Number of protein chains: 2
Amino acid sequence: MKYSELKQSLKNHKLRITDCRMDVLAYFKEMQRALSFKDLEDKFQEYDRVTLYRTLHSFEENGLLHKIPGDSGSAVYGLCNDCDVESHHHNHMHFKCTSCGTTECIDVPVEIPALSLPKNYKMTDMDVIVNGVCNTCNSN
Amino acid sequence: MKYSELKQSLKNHKLRITDCRMDVLAYFKEMQRALSFKDLEDKFQEYDRVTLYRTLHSFEENGLLHKIPGDSGSAVYGLCNDCDVESHHHNHMHFKCTSCGTTECIDVPVEIPALSLPKNYKMTDMDVIVNGVCNTCNSN
DNA sequence: CCTTAGCTGTTATTTAGTTGCATTTACCCT
DNA sequence: AGGGTAAATGCAACTAAATAACAGCTAAGG
């Protein structure tokens, strides 16, 4: 991904251009899968832990990343497609591979079914996590 | 819930009968919602933190509880309906209230749709977390 | 009873995430 | 351009969450 595009992406989300943010964003774009804090910490030893935490938070806050629910303890983040500072909408699925542990965003829209929720419950949105075995692991 | 029933429930899942396990299980049955480690720690100050952790793990391992994915950092557990040591199957939904933060198991089966997963991906199961406002919070 | 596998409490350690503060930097405005 | 300012960074200390090691105790089966 081109430098100028990354820069524009940060600007679009009202974020200042800094080395750390550029590198982290580029890494997300490159990897095309959900990354944990640990992934970043391993990759970017030149940046302070705290800075990486703050980078993740600012990205999440400004609609560049979304936090993906996971029972694994530490949080995992994935790139948003068309979110901005005002509106977050993540109507896609997440696929978690039980073999290699990686999480990916799958471009299958979550169609909200006519849920028969108990009386007086109101749904705003929905997280769907599909567990299984991914492409790469299936091939081995 | 009767003492003898709780006891039988533990036995059915091949777990020894201990004070801690009886109390924790009773609490889950009584509350009828998902509980976090912190909930237990607050409730049962007579038991050591480590023991409570171990109780949760053993319950999970033996099919008495299932871990519910959540982005909130610490894990949340809900009672299983018909699981045992061998087979876990959690085809029900989870409802997380954005207002009070509690998570409940909703007895609506997750009907696995004809997902068009990317090629060579294989699904084993699915977690569905419905976010919204619950009964009690809606009434206030 | 008595034995023993397995549960418990204690302490210590690892891992995850946050806070405060001094310094530096991006970027807006003439 | 270049200067002022709000924001980002690095560092250090701190809180919280989870796990590990080990010695003593107890449930359950004979």
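Values reported hereafter were calculated over all heavy atoms of this structure, with side chains retained and with hydrogens, waters and symmetry mates removed. Naming convention: chains lettered A, B, ... in sequence-line order (proteins, then strands); numbering from 1 in each chain. Computed from a predicted structure; not experimentally measured.
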Quick one: [X] [atom1] to [N] [atom2], roughly how many Å, whole number?
| X | N | atom1 | atom2 | result |
| --- | --- | --- | --- | --- |
| B:Y77 | D:dA18 | OH | P | 8 Å |
| A:M22 | C:dA26 | CE | C1' | 13 Å |
| A:L56 | D:dA8 | CG | P | 14 Å |
| A:E41 | C:dG17 | CD | P | 10 Å |
| B:R49 | D:dA16 | CZ | C1' | 8 Å |
| A:I17 | D:dA7 | CD1 | P | 16 Å |
| A:K11 | C:dC27 | NZ | P | 7 Å |
| B:D42 | D:dA17 | CG | P | 10 Å |

- Item | Closest non-hydrogen atom pair between A:I17 and A:K11, with its separation |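 The pair with the smallest heavy-atom distance is CD1-CG, 4.0 Å.
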
- Query: Closest approach of B:F28 and B:R33, non-hydrogen atoms and distance?
  - Reply: CD2-O, 4.3 Å

- Ion pair present between B:K38 and B:D42, side-chain N to carboxylate O less than 4.0 angstrom? yes

- Does a nitrogen or oxygen in the side chain of A:H57 sit under 4.0 Å from OP1 or OP2 of C:dG17? no

- If we only count heavy atoms from C-beta on, is the A:H94 to A:E104 side-chain gap below 4.5 Å?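 In short, these two side chains do not touch, never coming nearer than 4.5 Å.
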
- Message: Less than 4.5 Å apart, side chain to side chain, heavy atoms only: is that true for B:L79 and B:C105?
- Response: no

- Task: Please say which of B:Y53, B:Y47, B:F44, B:F59 ends up in a ring pair (Phe, Tyr, Trp, His ring centres under 6.0 Å) with B:F37.
- Result: B:Y53

- Message: Across nucleotides 3-9 of chain C, 5' to 3', mark each nucleotide with B, S or - according to how protein heavy atoms within less than 4.0 Å reach it.
- Response: --BSSBB

- Message: Would you say A:N12 and A:S9 are linked by a side-chain donor-acceptor pair, where the criterion is simply a distance under 3.5 Å?
- Response: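 No, because no side-chain N or O of A:S9 sits under 3.5 Å from a partner of the opposite role on A:N12.
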
- Message: Taking A:R54's backbone N and O only, do any of them form a donor-acceptor pair with A:S58's side chain (distance below 3.5 Å, no angle check)?
- Response: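 It does hold such a pair.
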
- Item | ILVMFWY network linking A:F95 to A:M126, side-chain heavy atoms under 4.5 angstrom |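 Yes, same cluster.
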
- Task: Kindly calculate the angle separating the two end axes of the helix from C:dC1-D:dG30 to C:dT30-D:dA1, each obtained from five base pairs, and round it to 10 degrees.
- Result: 40°

